[in-house]
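All remarks here apply to the structure that follows.
The chain is numbered in sequence order, starting from 1. Values in this document were obtained by computation on a predicted structure and should not be read as measured data.
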Amino acid sequence: MSVTVVGSIAYDRVKTPFGERERMLGGAATHFALAASFFDQVRVVGPVGDDFADLETLKLRGTNVDDVEHVPGGKTFFWHGEYGWDLNSRDTHDTQLGVFETFEPKLGEASKDAEILFLANIQPDVQRAVREQSRASFVAMDSMNLWIEIARDSLVQTIAGVDCVILNDAELRQLTGKPNLFTAAREVLAMGPSVVVAKQGEYGAALVTESEFFSLPAYPLETVVDPTGAGDTFAGGFVGHLARRPGDYRTAMAYGTALASFNVEEFGTERVARLTAAEIDRRIEELRAITRL
Ligand code: AMP
């Protein structure tokens, strides 16, 4: 199988209580690809500007970048965020869309043919334009509060055309107007998808389908340095495992949890870029041990 991801490829300026980076590789598609590339061939779709100098990191573990579009004269998407002392709150100081302002995704034939498609957090009309080009048999997506606020109708249309929605708990509540997470998840299932994953940050993640509920705590870490990209890294582990074992949602939750836990140990992509499969497997075994009744 192979996995196509469309989303931001970015430079991030990030400050956390444990340090800061002026300009590091980031973006939802980048974090997703670095995680999913442990499981399958990943193909990244997204634009970059003249200033982009990190293609080699994006290509780690065999990721294909044929559909990474270099826009001459353009600037790579830039995001500047700062985290509060417990890392649960995050302020966005600046978002510069750059090459994303005029982005019209064009998938090559191989990207269209990937069995799995992940629509990372971008404008929901663009997500739909990608969905319509793709011949994937399983489509998952993410989104964010901004699109719930300014493009809700379009977002609901996009949700209706996917199999799996991965959102954080606050976004699920905001999208549905339901304060109860399970009621909110059920409401999203009623929009069309068959699987909803509610990410709950340091408290873990829950999976809801018509017939199943499953929940995992986050891996207990004593050192969390930078949560940027944790959600996309979770999605990369989750969707990546499903590419290998379609329908095996519970183990996919464990891989998502394990990958995300590595991501937050260092800034940006630093930890996951040099991660090994053996380290991931060890963490899966530890998760098994700490969640056994
Ligand atoms: P996460 O921490 O999982 O929410 O993902 C953070 C990543 O998303 C960062 O690397 C940013 O570059 C990227 N990002 C931040 N804001 C946006 C946005 N409005 N659209 C797309 N990507 C974004």
Side-chain angles (χ1 to χ4, degrees), residues 3-12 14 25-36 42 44-48 58 68 76-81 90-92 94-101 103-105 116-131 134 139-176 188 191 193 195-201 205 226-240 256 259-260 263-264 268-269 272:
V3 180
T4 292
V5 55
V6 60
S8 55
I9 302 162
Y11 282 116
D12 292 341
V14 171
L25 176 63
T30 306
H31 285 290
F32 177 94
L34 281 172
V42 179
V44 178
V45 180
V48 296
L58 213 53
V68 172
T76 302
F77 181 95
F78 176 79
W79 175 73
H80 176 195
R90 168 165 99 184
D91 288 326
T92 290
D94 192 12
T95 301
Q96 294 172 20
L97 290 178
V99 289
F100 259 97
E101 218 148 345
F103 176 51
E104 287 179 19
I116 311 268
L117 172 66
F118 183 66
L119 305 169
N121 167 36
I122 40 169
Q123 219 275 350
D125 291 337
V126 179
Q127 289 179 315
R128 238 172 18 261
V130 173
R131 171 69 193 101
S134 157
V139 183
M141 68 176 284
D142 185 17
S143 190
M144 73 185 294
N145 55 354
L146 173 71
W147 309 122
I148 300 171
E149 281 153 28
I150 69 168
R152 188 180 180 282
D153 289 350
S154 172
L155 177 59
V156 170
Q157 267 189 61
T158 304
I159 290 173
V162 306
D163 303 284
C164 174
V165 169
I166 306 174
L167 287 178
N168 69 39
D169 46 3
E171 291 160 349
L172 279 169
R173 292 187 171 102
Q174 188 187 2
L175 173 66
T176 59
V188 176
M191 293 174 186
V195 185
V196 171
V197 176
K199 295 174 286 180
Q200 298 165 290
D226 171 25
T228 307
D232 307 304
T233 307
F234 177 96
F238 179 81
V239 173
L259 265 300
N263 178 76
V264 302
T269 59
V272 179

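- Minimum interatomic distance between A35 and G237 (heavy atoms only, all atoms of both residues): CB-N, 3.9 Å.
- In this structure, R173 CZ and N145 CG are separated by 14.5 Å, a value rounded to the nearest 0.5 Å.
- For the side-chain contact (heavy atoms from CB on, under 4.5 Å) with F118, the qualifying choice from V130, I166, V139 is I166, the only one to do so.
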### Query
Please walk me through it: do L34 and T233 pass side chain to side chain contact (heavy atoms under 4.5 Å, CB included)?
CA-CA 8 Å; L34 281 172; T233 307; over 6 Å; no
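- Note: D232 CG to N121 CG = 7.5 Å, rounded to the nearest 0.5 Å.
- Within 6.0 Å of atom CD in E149, more than 12 heavy atoms from other residues, nucleotides or ligands are found, so the atom counts as buried in its surroundings.
- In this structure, F234 and F238 have parallel ring planes: the angle between them is below the 30° cut-off, well short of the 60° mark.
- Using a distance-only test at 3.5 Å, with no hydrogens or angles considered, a donor-acceptor pair links the side chain of Q127 to the main chain of D142.
- Annotation: side chain of D163 is not in contact with side chain of V195 (no heavy-atom distance under 4.5 Å).
- Considering CG of L25 and OH of Y11, their distance stands at 6.5 Å, rounded to 0.5 Å.
- Panel note: side chain S8, backbone A28; a donor-acceptor pair is recorded below 3.5 Å.
- V6 places a side-chain heavy atom less than 4.5 Å from the side chain of F103.
- In this structure, W147 and I122 have side chains that are not in contact, with every pair of non-hydrogen atoms separated by 4.5 Å or more.
- Shown are V5, V162, V126, T4; of these, the side-chain contact (heavy atoms from CB on, under 4.5 Å) with L119 is made only by V162.
- Between the side chains of T158 and R131, no donor-acceptor pair is found at a separation under 3.5 Å.
- Closest approach of R90 to T228, counting heavy atoms only: NH1-CA, 4.4 Å.
- D125 contributes atom CG, which lies 10.0 Å from atom CG of L155 (distance to the nearest 0.5 angstrom).
- When all heavy atoms of A129 and P105 are compared, the pair lying nearest together is CB-CG, 4.3 Å.
- The heavy-atom pair separating V239 from I116 by the smallest distance is CG1-CG2, 3.4 Å.
- Annotation: the span from I148 atom CD1 to L167 atom CG amounts to 6.0 Å, rounded to 0.5 Å.
- A 4.5 Å side-chain heavy-atom check between S154 and R128 finds at least one atom pair inside the cut-off.
- In this structure, R152 and M191 approach most closely via the heavy-atom pair NH2-CE, 4.2 Å.
- In this structure a side-chain-to-backbone donor-acceptor pair under 3.5 Å is missing from Q96 to G98.
- Taking CD of Q123 as the start and CD of E101 as the end, the distance is 12.0 Å to the nearest 0.5 Å.
- When all heavy atoms of P227 and V264 are compared, the pair lying nearest together is CA-CG1, 3.7 Å.
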### Query
Step by step, would you call L97 with F77 a side chain to side chain contact (heavy atoms under 4.5 Å, CB included)?
CA-CA 5 Å; L97 290 178; F77 181 95; 3.7 Å; yes
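- Between V44 and F32 the shortest side-chain heavy-atom distance does not fall below 4.5 Å.
- Under the 4.5 Å side-chain criterion, counting only non-hydrogen atoms from C-beta, L175 is in contact with I159.
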